[in-house]
Amino acid sequence: TGLAVFNPEGRLVDFLDERESMGLIWVLNRAKNRVLTVPQFVDGEEELISLRLIKTKSKVVVSIGEDGLPVFEIKTHADFDVLEHFGIHRGLSYVNFINDLERTAGSQVINEIEAAVRKSQQINADIFGFGEEVRRQQRREWPQYRDNWSEIYPMVKIIIECETHVHGRELTV
């Protein structure tokens with residue numbers, strides 16, 4: 001339901017709530033056995049659809065922005081199965097309905113990641129290991145950031161993308 005955040009010296013800095021924790025877990029490729037319940041609006045009525053995560057993959061791409069600071073692009077891909085559909089609409093057989101479902105699920109994943117990013121920058125804790133990604137992907141640039149990473153981290157730009165796919169249907173009610 002939440003995670004504790006410690007600084008490099010081992011002192012407790014803050015806690016992540018459930019949503020922020022899930023955002024971190026998406027980025028670190030640790031999301032397993034996840035069920036996402038998303039609302040879908042059909043003819044003005046809200047129907048809840050539960051999606052079971054099949055597989056997910058996230059990667060972080062680092063570039064250097066025009067301002068000289070690192071820019072992080074988090075790219076997440078998630079595949080889901082429909083676990084349950086609590087509604088009377090038979091929309092699961094329509095392509096547009098599935099496309100809307102994929103967009104809604106993707107938005108929910110992005111919101112969770114954004115919450116974790118916002119919190120980590122607010123408490124100035126690089127819980128994602130972005131500094132290590134700069135060191136790996138931008139070797140020549142890293143020495144200028146290394147000693148000041150704790151001052152730089154809250155100012156870096158982070159772009160989040162999520163591609164979702166909804167596959168087979170296990171149970172529709």
Side-chain angles (χ1 to χ4, degrees), residues 1-40 51-80 98-167:
T1 60
L3 296 171
V5 178
F6 294 87
N7 67 13
E9 291 82 40
R11 291 203 168 109
L12 179 65
V13 176
D14 208 337
F15 294 93
L16 302 181
D17 64 21
E18 186 174 0
R19 193 166 134 235
E20 295 160 346
S21 297
M22 278 313 306
L24 174 63
I25 289 169
W26 283 114
V27 177
L28 297 181
N29 287 310
R30 301 252 196 263
K32 292 178 177 35
N33 300 324
R34 174 81 197 273
V35 175
L36 202 65
T37 301
V38 295
Q40 280 299 103
L51 304 174
R52 181 177 54 95
L53 181 65
I54 301 169
K55 66 179 178 179
T56 183
K57 178 77 174 147
S58 291
K59 72 178 190 175
V60 177
V61 178
V62 182
S63 60
I64 304 301
E66 292 178 12
D67 58 359
L69 294 177
V71 175
F72 298 92
E73 219 177 319
I74 300 170
K75 297 180 179 187
T76 301
H77 178 90
D79 289 334
F80 293 96
I98 296 295
N99 290 342
D100 287 345
L101 189 57
E102 290 172 344
R103 275 191 294 279
T104 304
S107 293
Q108 191 164 331
V109 171
I110 288 172
N111 288 339
E112 289 175 353
I113 295 172
E114 283 175 344
V117 165
R118 211 174 16 258
K119 179 71 169 236
S120 74
Q121 287 187 310
Q122 176 186 17
I123 64 175
N124 195 12
D126 183 8
I127 58 178
F128 299 98
F130 287 152
E132 177 62 19
E133 287 298 322
V134 174
R135 188 192 67 73
R136 281 186 338 96
Q137 295 182 32
Q138 300 289 333
R139 288 187 185 276
R140 285 186 236 157
E141 306 293 332
W142 175 240
Q144 68 180 335
Y145 304 124
R146 178 183 7 198
D147 296 333
N148 301 320
W149 185 243
S150 62
E151 291 89 36
I152 294 170
Y153 178 66
M155 298 183 295
V156 298
K157 182 176 181 182
I158 300 171
I159 301 164
I160 303 164
E161 298 174 8
C162 182
E163 180 182 341
T164 56
H165 295 285
V166 174
H167 298 285

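Only a predicted model underlies this, so the values are computations on that prediction, with no experimental measurement involved. Position 1 is the first residue of the sequence, and the numbers go up from there.
- With sequence neighbours left out, F72 forms a ring pair (Phe, Tyr, Trp, His ring centres under 6.0 Å) with F130.
- Around CD of Q144, the count of heavy atoms belonging to other residues, nucleotides or ligands within 6.0 Å exceeds 12.
- Under the 3.5 Å distance criterion, the side-chain polar atoms of E141 are left unmatched by any main-chain donor or acceptor of S63.
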Query - Audit row: V134, V156, side chain to side chain contact (heavy atoms under 4.5 Å, CB included) steps and yes/no - result: CA-CA 11 Å; V134 174; V156 298; over 6 Å; no

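- Side chain of E163 to main chain of H77: no donor-acceptor pair is present (N/O by atom type, distance under 3.5 Å, no hydrogens or angles).
- Pairing each heavy atom of L24 with each of I127, the nearest pair is CD1-O, 3.8 Å.
- Atom CG of residue N124 and atom CD1 of residue I152 lie 10.5 Å apart, to the nearest 0.5 angstrom.
- Listed here is the closest heavy atom pair of I64 and Y145: CD1-OH, 3.6 Å.
- Here the closest heavy-atom approach between residue F80 and residue A78 is recorded as CE1-CB, 3.6 Å.
- Between the D14 side chain and the V5 main chain, no donor and acceptor come within less than 3.5 Å of each other.
- Counted by atom type alone, T104 and Q40 present one or more donor-acceptor pairs between their side chains at under 3.5 Å.
- Smallest separation of non-hydrogen atoms from S120 and Y153: OG-OH, 2.6 Å.
- A donor-acceptor pair under 3.5 Å is absent between the side-chain atoms of E112 and the main chain of M22, judged by distance alone.
- The main-chain N or O of S21 is never found under 3.5 Å from a side-chain atom of K119 such that the two would form a donor-acceptor pair.
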Query raised in the report: Between W149 and W142, is a side chain to side chain contact (heavy atoms under 4.5 Å, CB included) present by the stated rule, with each step listed?
Result: CA-CA 10 Å; W149 185 243; W142 175 240; 4.1 Å; yes

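- When atom types are taken as modelled, the side chain of Q138 and the backbone of V62 share a donor-acceptor pair closer than 3.5 angstrom.
- In terms of heavy atoms, I54 sits closest to H167 at CD1-CD2, 4.0 Å.
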Query - Residue pair K75, E73: steps toward the side chain to side chain contact (heavy atoms under 4.5 Å, CB included) verdict - result: CA-CA 6 Å; K75 297 180 179 187; E73 219 177 319; 3.1 Å; yes

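- Across all their heavy atoms, E133 and V60 have their closest contact at OE1-O, 3.9 Å.
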Query raised in the report: Given Q121 and I158, is the side chain to side chain contact (heavy atoms under 4.5 Å, CB included) satisfied, shown in steps?
Result: CA-CA 10 Å; Q121 287 187 310; I158 300 171; 3.8 Å; yes

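- Counting only distance, with no hydrogens or angles, the side chain of T164 and the backbone of E102 share a donor-acceptor pair below 3.5 Å.
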